[in-house]
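The chains referred to below are lettered A, B, ... by the order of the sequence lines, with proteins before strands, and numbering in each begins at 1. As the structure is a computational prediction, the values presented were derived from the model and not from experiment.
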Amino acid sequence: MSEKTAGHAGQGTGKQIHLAAHFPGVNSTTVWSDPRSRSHIDFSSFEHLARTAERGLFDFFFLAEGLRLREHKGRIHDLDVVGRPESLTVLAALAAVTERLGLAATVSATFNEPFELARRFATLDHLSAGRAAWNVVTTSDAFTGENFRRGGYLDRADRYTRAAEFLAAARQLWDSWTPPDRPRPFAHHGEHFAIEGEFTVPRSPQGHPVVIQAGDSPEGREFAASAADVIFTRHGTPEAGRAFYADVKGRLATYGRTPDDLKIMPGVTYVLGDTAAEAQEKAAEIRRAQVSPQNAILALEQVWGVDLSSYDPDGPLPDIDPDPGSELAQGRVKIGDPLAVAAKWRALSEAKGLSIRQTVIETTARQTFIGTPRSVAEELVEAVRADAADGFILIPHLTPGGLDDFVEKVVPLLQERGAYRTEYEGATLRSHLGLREPVWKG
Amino acid sequence: MTDHGSGRGPLHIAAAIDLPGTYESGPYAELALLAERGALDFVTLGDSFARPGPDALAVAARIAPATGRVGLVPTVTTTHTEPFHVQAAVATLDWVSRGRAGWTLDVSATEAEARLFGRRGAAPPEELWREAGEVADVAALLWDSWEDDTEIRDVASGRFIDRDKLHHVDFEGRTFSVRGPSIVPRPPQGHPVRVVDATAPPAREAAARHADVALVRVASVRQADAARAELRGLAARSGRDPDVLRVFAALDVDLGAASAPPSRATGEGRCPPPRAPPTGAAPSTWPT
Ligand SMILES: Cc1cc2nc3c(=O)[nH]c(=O)nc-3n(C[C@H](O)[C@H](O)[C@H](O)COP(=O)(O)O)c2cc1C
């Protein structure tokens with residue numbers, strides 16, 4: 001580790017866990033029907049969750065993005081939380097009510113331009129004194145494009161070449177001033193962008209905001225290996241995690257990078273109970289709230305791609321085959337091969353005698369960690385020590401109190417095991433993550 | 001409105017809190033708090049891609065939690081930014097400030113700004129202001145694309161929203177189209193306040209048609225009255241009630257502190273701002 005990296009000396013010898021908080025909201029894990037669930041829009045909810053994460057000494061607070069409201073069968077999807085405020089503006093306000101917590105926004109590289117977005121992230125990094133992060137996503141669907149001048153012009157194959165060039169251009173802009181305060185002209189001429197002029201913001205406290213990547217295809221992994229500081233992945237189980245971890249870390253050497261330069265953080269859910277049995281019971285109850293009867297049919301329709309509204313959620317799975325070319329669900333990250341998924345679901349339903357709703361619960365809603373605070377803490381430590389992850393992005397199911405119990409009960413146990421910081425050592429997100437400061441390429 | 005046929009009510013005052021070369025939030029928050037203590041209507045933060053400075057809307061959001069009443073009005077340009085992003089950011093500023101957001105529409109007319117984006121060439125200001133007007137129109141449509149009681153949380157039917165209260169906007173402008181609805185629920189004010197600097201002639205039509213507040217930089221009360229009459233006339237001709245348009249005169253305020261540069265305050269009233277707003281230390285460049 002270079003001197004610039006924030007070491008964890010004195011806080012235990014083993015590999016240290018990194019934690020981040022995902023604001024709940026527009027996704028199928030959020031339980032809005034719980035009486036404790038509050039607004040997903042009011043600033044007070046963001047403030048509550050961010051302050052909780054900072055109390056728990058988390059590395060960062062994370063906001064997802066969707067640039068068009070999701071539709072199903074040609075109508076706006078109404079069963080999950082709908083709507084959210086714009087991330088960078090929320091994070092700028094959160095910078096006022098937190099001091100150390102990293103602030104991460106998911107922003108599409110497709111429906112933005114490098115000059116403007118680089119400027120917004122550099123501004124956030126200044127306004128937060130070095131806590132900004134950008135999750136670079138690569139929307140390519142024409143459905144979302146209908147909200148933009150640019151339209152849905154981007155071919156799926158081009159989405160990462162644009163993202164990579166976008167990020168390279170942004171880095172050039174972030175480096176373009178002569179420290180401390182002299183703008184210098186920049187010029188970038190590439191396949192996707194031909195831009196030149198002067199950037200309006202001096203180099204920011206972190207040099208470059210932290211870059212996160214969240215795609216899973218080979219191209220996505222390659223992009224992450226070449227340019228990202230953190231990967232947000234779905235591979236949260238120990239086996240899938242280890243395979244993913246080895247795959248991605250193995251790609252780093254090609255780019256002259258070391259395994260420490262890229263942190264792998266699966267998005268995970270968890271349920272705590274005083275006993276293992278109580279945790280299991282609570283987990284089952286949460287899954288039933290997440291997968292209402294209506295949601296079960298909808299989940300099935302997303303796989304099958306056809307109208308299944310006449311089916312009974314408590315009855316057996318349909319015996320017709322899915323339509324792989326369907327556009328029934330719009331604005332969602334696509335699931336894998338629908339025929340394979342349907343076959344798997346059918347096999348499970350037959351083997352265990354599960355209804356439609358039970359099958360959907362079983363296949364889509366199982367929480368990653370369920371148990372007592374002690375057993376969950378042990379599993380987290382074990383996953384990190386076994387190189388299934390460098391840390392976790394926790395996705396609570398309740399807004400805004402969903403992390404209260406974790407911070408109160410699990411964090412102290414992680415600290416006790418020497419696997420987690422007992423105070424913030426540095427001021428910037430880069431220092432929390434133990435990342436090098438980017439070299440200034442003037 | 002406390003209006004007597006002329007659209008005039010009590011004196012309204014705003015102040016520009018621009019701080020060239022300042023990228024951290026503290027000094028901005030201090031000025032906004034001073035303005036708030038002086039009971040000003042709002043503070044403005046200028047912005048342009050053509051000169052150094054942070055993103056003004058982000059600065060406004062950053063100082064929102066530290067303030068409680070004063071309006072926060074950053075400049076947001078409409079020439080190179082996606083209209084959908086513009087409206088989402090302004091709506092979000094309204095959410096994080098609990099109903100205190102506005103935006104000063106502006107255009108980017110230079111070739112140098114166009115080259116920063118590399119997507120379209122420079123265009124005449126008249127054309128860009130017409131487009132800015134369309135951005136204001138689509139923003140209002142998108143803010144209204146969620147009815148206020150869209151969120152229902154009906155557990156029995158499993159529905160979080162009543163989707164009949166969400167509306168596609170299907171806006172077709174001359175240079176862009178937007179399907180909608182917005183991703184952000186209707187902001188607390190419904191429509192955050194629209195401000196236009198109507199000093200330059202190409203901006204006047206847009207100000208008269210779209211602004212809640214028009215600013216004019218003037219040197220005298222007579223000039224202010226003339227500008228106000230012109231804007232009200234234009235507003236009436238575009239089919240608006242001229243009384244919904246407030247006209248603020250922008251004046252440099254020298255508070256007598258020998259070393260401080262003049263501060264710029266804007267106000268609406270028969271007289272130019274008679275009292276110096278308590279932003280005495282505010283060096284200001286708005287609107288350059
Ligand atoms: C864990 C995870 C989280 C994601 N979050 C978002 C998001 O918030 N917004 C978005 O537009 N796309 C999101 N994506 C989509 C990716 O950016 C990308 O478009 C998608 O995964 C397809 O790329 P791929 O083929 O490389 O996986 C996410 C993907 C993953 C795996």
Side-chain angles (χ1 to χ4, degrees), chain A residues 32-33 37 41-43 46-47 66-69 75-86 88-97 111-113 115-116 119-120 122-124 126-129 146-151 181 183 193-198 200-202 204 292-295, chain B residues 21 23-25 29 48-55 57-66 80-85 88-93 95-98 112-113 115-119 146 150-151 153 155 157-163 166 175-185:
Chain A
W32 52 259
S33 54
S37 165
I41 308 297
D42 284 346
F43 184 63
F46 292 90
E47 183 172 352
L67 293 172
R68 175 135 181 217
L69 300 186
R75 303 194 60 196
I76 288 166
H77 174 55
D78 58 357
L79 302 179
D80 291 322
V81 171
V82 179
R84 56 183 141 208
E86 185 267 314
L88 278 161
T89 305
V90 171
L91 294 183
L94 283 178
V97 297
F111 297 110
N112 285 284
E113 295 301 319
F115 178 83
E116 185 169 37
R119 182 170 185 262
R120 295 189 76 196
T123 297
L124 180 64
H126 280 286
L127 294 175
S128 64
E146 286 177 0
N147 281 338
F148 297 94
R149 289 176 193 267
R150 252 191 146 24
D181 57 7
F193 308 104
I195 58 176
E196 58 187 54
E198 272 180 21
T200 77
V201 185
S204 70
S292 64
Q294 296 87 351
N295 249 324
Chain B
Y23 297 87
E24 82 227 271
S25 62
S48 162
F49 296 130
R51 59 164 189 263
D55 177 66
L57 189 135
V59 174
R62 176 65 176 76
I63 62 180
H80 297 295
T81 305
E82 288 281 358
F84 195 79
H85 290 324
V90 175
T92 301
L93 181 62
W95 279 108
V96 302
S97 66
R98 300 181 168 96
E113 285 160 293
R115 281 198 296 268
L116 298 169
F117 287 80
R119 276 176 54 184
W146 288 65
T150 299
E151 185 175 316
R153 299 200 189 211
V155 178
S157 65
R159 292 178 308 146
F160 180 74
I161 49 157
D162 176 354
R163 58 186 167 194
L166 277 174
T175 56
F176 64 89
S177 61
V178 176
R179 176 94 167 107
S182 180
I183 49 169
V184 187

Residue pair H80(B), E116(A): steps toward the side-chain contact (heavy atoms from CB on, under 4.5 Å) verdict: CA-CA 9 Å; H80(B) 297 295; E116(A) 185 169 37; 6.0 Å; no
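- Both the backbone and the side chain of L79(A) come within contact range of chain B, with heavy atoms under 4.5 Å apart.
- Of the atoms belonging to L69(A), heavy atoms from both backbone and side chain fall under 4.5 Å from chain B.
- Taking the six-membered ring for Trp and thresholds of 30 and 60 degrees, F84(B) and F148(A) have ring planes more than 60 degrees apart, a perpendicular arrangement.
- In this structure, the portion of V97(A) lying under 4.5 Å from any heavy atom of chain B is its side chain and not its backbone.
- Only the backbone of A194(A) comes within contact range of chain B, with heavy atoms under 4.5 Å apart.
- In this structure, the side chain of R163(B) engages the main chain of I76(A) through a donor-acceptor pair within 3.5 Å.
- Each of E196(A), E198(A), R120(A) has some count of heavy-atom pairs under 4.5 Å with chain B, and the biggest count is that of E196(A).
- Contacts between D80(A) and chain B at a heavy-atom distance below 4.5 Å involve the backbone alone (N, CA, C, O).
- Neither the backbone nor the side chain of L94(A) comes within contact range of chain B, judged by heavy atoms closer than 4.5 Å.
- Looking at A88(B), the atoms closer than 4.5 Å to chain A (heavy atoms on both sides) sit in the backbone and in the side chain alike.
- Both the backbone and the side chain of S37(A) come within contact range of chain B, judged by heavy atoms closer than 4.5 Å.
- Counting heavy-atom pairs closer than 4.5 Å to chain A, the top-ranked of the candidates S182(B), S48(B), P185(B), G158(B) is G158(B).
- We find the CZ-CG distance between R75(A) and L166(B) to be 10.5 Å, quoted to the nearest 0.5 Å.
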